[in-house]
Amino acid sequence: MRRLPVVVLGLLLVLWPAGVSAQESGMEIVVDASDHPRVVVDVLVPAAIAEREPPGEAFALVENGRLVPAAVLAPAETITEVVLVVDTSGSMDGEPLQTAVAAATGFFDRLPEATVASLITTGGSSEVVSGPGSTAAVADALSGLEADGETALYDGVVDAVALFDADPRTRALLVVLSDGADTASEADAAEA
């Protein structure tokens, strides 16, 4: 397992385009060594970089100076979809809900404009408050949340998954903000 940092470093050196800073690249590297000695390294290259360098010609994987077979695929158009589930039960009244709303607002402010967003609350029952639609619509809906009732957290998660688009290009993100356990759902933890 000691060779893993060498593999990742070697991969970074090969994939990093000249003249591009770390800050502007937005490159994402995911290393899975759960099936050691087999190591899977996924590198997501932003479209801006891939457009400058055709993937099949510009990228290679080198491990300890040896070229390793790798699948290099052209970037696909990805649709990012976020469903935010916010616990609005009575225990979230005051500062907890204010903190959750501030965190969620900051999160949505950082998402690309084209992101499809939804908001579900789980105070007493699961309710779709906004979406699927724009992040701005969800941000507006966040400002009007009030805390009351029990926590239908599992129902909120089940409802959130049902909102996601079945398009294989969709990058689905489920974000749950809660301060406690489920107390009112029809669904159970296994179903959620």
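If you read the sequence from its start, that first residue is 1, and numbering goes on from there. Small disclaimer: the values here were computed from a predicted structure and weren't measured.
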I need the [X] [atom1] to [Y] [atom2] distance, nearest 0.5 Å.
{"X": "Y154", "Y": "D159", "atom1": "OH", "atom2": "CG", "value": "15.0 Å"}
{"X": "L142", "Y": "S130", "atom1": "CG", "atom2": "OG", "value": "8.5 Å"}
{"X": "T88", "Y": "E150", "atom1": "OG1", "atom2": "CD", "value": "11.5 Å"}
{"X": "S118", "Y": "F164", "atom1": "OG", "atom2": "CZ", "value": "8.0 Å"}
{"X": "D148", "Y": "L97", "atom1": "CG", "atom2": "CG", "value": "11.5 Å"}
{"X": "M92", "Y": "T99", "atom1": "CE", "atom2": "OG1", "value": "8.0 Å"}

Shortest non-hydrogen separation from [X] to [Y] and the atoms involved:
{"X": "A147", "Y": "S89", "answer": "CB-O, 3.2 Å"}
{"X": "G156", "Y": "T122", "answer": "CA-CG2, 3.7 Å"}
{"X": "A192", "Y": "V157", "answer": "O-CG1, 3.5 Å"}

Membership question, hydrophobic clusters at under 4.5 Å side-chain separation (ILVMFWY): are [Y] and [X] in the same one?
{"X": "V83", "Y": "L145", "result": "no"}
{"X": "V138", "Y": "L111", "result": "yes"}
{"X": "V101", "Y": "L119", "result": "yes"}

Does [X] use its side chain to pair, donor to acceptor, with the backbone of [Y] at less than 3.5 Å?
{"X": "D155", "Y": "A187", "result": "yes"}
{"X": "D182", "Y": "A184", "result": "yes"}
{"X": "T183", "Y": "T151", "result": "yes"}

Check: [Y] and [X] side chains under 4.5 Å, non-hydrogen atoms:
{"X": "F107", "Y": "L84", "result": "no"}
{"X": "V82", "Y": "F108", "result": "yes"}
{"X": "V116", "Y": "D165", "result": "no"}

#### Entry: Passing candidate, side-chain contact (heavy atoms from CB on, under 4.5 Å) with S126, options V85, L153, I120
I120

